[in-house]
Amino acid sequence: YKQAPPCGPDPAPSALSPSQPSGASLSDEDAIASIERVSDDHYRMESRVLAAVYDAGGRGVLRSMRVIPVTANGKRKGLRLMRMRPEGVAAHLGLMNGDIVESVNGYEVGEPDKALETYAKLRDARRLDVLIERRGNPSTIDIDVVPDGTIDKRPKPAGSASPSALPAPPPRPAPASPSPMRPGTP
């Protein structure tokens, strides 16, 4: 059997990048260039990365790892991250092999229905507080979702200067000060 071509107009271009069709995932390279590490447990991420996770149904981030439900005392505890690629998006957001993600912004992710509910509620989040267990200890990774264009760590083409690459202005000369009066002079 031949498969019929899709009906309807071509998908509209996405705001993720001019060359990507809607629903396409953001490349790992572009996503990683849109993530900034502030500290070991604090990151900044452009909103286009979060949008790409939703546009691709999470597959873009999940393709760089395996996620396994974890049960403790008969209750689902969270999702263990395994086989993470060190160059993957999740690793650039501070997550590590073996981490157990317990909640995001207070929403539990251990039960499948709760994970889906959390996923739906975080689409427009401006901050993600990811509660994890790492090597038996609780920890939180904070991710600020910032406007697109705020972060870009990709190398700039030769000849293009970013504001931080411009030379510093020359120092201003010190203002002339009146000569001090000597004691005993009128």
(message) Quick test of your reading: applying side chain to side chain donor-acceptor pair (under 3.5 Å), list the pairs with at least one residue in residues 88-101, sequence neighbours left out, ordered by first then second residue.
(response) Asp99-Arg134
(request) State, yes or no, whether a side-chain contact exists between Ile132 and Ile100 at a heavy-atom distance under 4.5 Å. (result) no
(message) Would you say that Pro69 contacts Arg76 through its side chain, given a criterion of any heavy-atom pair below 4.5 Å between the two side chains?
(response) yes
(request) Report yes if some heavy atom in the side chain of Arg37 is under 4.5 Å from a heavy atom in the side chain of Ile35; otherwise report no. (result) no
(request) Kindly work out whether a path of hydrophobic side-chain contacts (I/L/V/M/F/W/Y, heavy atoms less than 4.5 Å apart) joins Ile32 to Leu95. (result) yes
(request) Determine, using the 4.5 Å side-chain heavy-atom cutoff (strictly less than), whether Val70 and Leu81 are members of one ILVMFWY cluster. (result) no
(request) Please say which of Ile141, Asp144, Thr140 ends up in a side-chain contact (heavy atoms from CB on, under 4.5 Å) with His42. (result) Asp144
(request) Determine the minimum heavy-atom distance between Ser47 and Val145, stating which atoms define it. (result) CA-CG1, 3.5 Å
(request) Report the C-alpha distance between Glu117 and Glu111 in whole Å, list the side-chain angles of each, state the deciding distance to 0.1 Å, and finish with yes or no for side-chain contact (heavy atoms from CB on, under 4.5 Å). (result) CA-CA 10 Å; Glu117 181 182 325; Glu111 297 291 335; over 6 Å; no
(request) Kindly work out whether a path of hydrophobic side-chain contacts (I/L/V/M/F/W/Y, heavy atoms less than 4.5 Å apart) joins Val109 to Leu131. (result) no
(message) Nearest 0.5 angstrom please: Ile151 CD1 to Tyr43 OH, how far?
(response) 12.5 Å
(request) For Arg80 and Gly98, indicate whether the former's side chain and the latter's backbone hold a donor-acceptor pair under 3.5 Å. (result) yes
(message) Rounded to the nearest 0.5 Å, what separates atom CG in Leu79 from atom CD1 in Ile68?
(response) 10.0 Å
(message) Given 3.5 Å as the limit, does a donor-acceptor pair link the side chain of Thr71 with the main chain of Gly74, or not?
(response) no
(request) Side-chain contact test, heavy atoms from C-beta onward, threshold under 4.5 Å: evaluate it for Val38 versus Arg44 and give yes or no. (result) yes
Can you give each donor-acceptor pair under 3.5 Å made by side-chain atoms of residues 101-108, sequence neighbours left out, with the distance rounded to 0.1 Å?
unit_1, atom_1, unit_2, atom_2, d
Asn105, OD1, Asp129, N, 2.6
Asn105, ND2, Arg127, O, 2.8
Glu108, OE1, Lys114, NZ, 3.2

(message) Nearest 0.5 angstrom please: Arg126 CZ to Ile143 CD1, how far?
(response) 13.5 Å
(request) Could you tell me the separation between the CG atom of Asp148 and the CD atom of Glu46, rounded to the nearest 0.5 Å? (result) 5.0 Å
(request) Please lay out, stage by stage, how Ser34 and Arg48 fare under the test side chain to side chain donor-acceptor pair (under 3.5 Å). (result) CA-CA 8 Å; Ser34 303; Arg48 67 190 186 132; 2.5 Å; yes
(request) Measure the shortest side-chain to side-chain distance between Leu128 and Met45 over non-hydrogen atoms and say whether it is less than 4.5 angstrom. (result) yes
(message) I need the minimum non-hydrogen distance between Ala91 and Pro86, along with the two atoms involved.
(response) CB-O, 3.5 Å
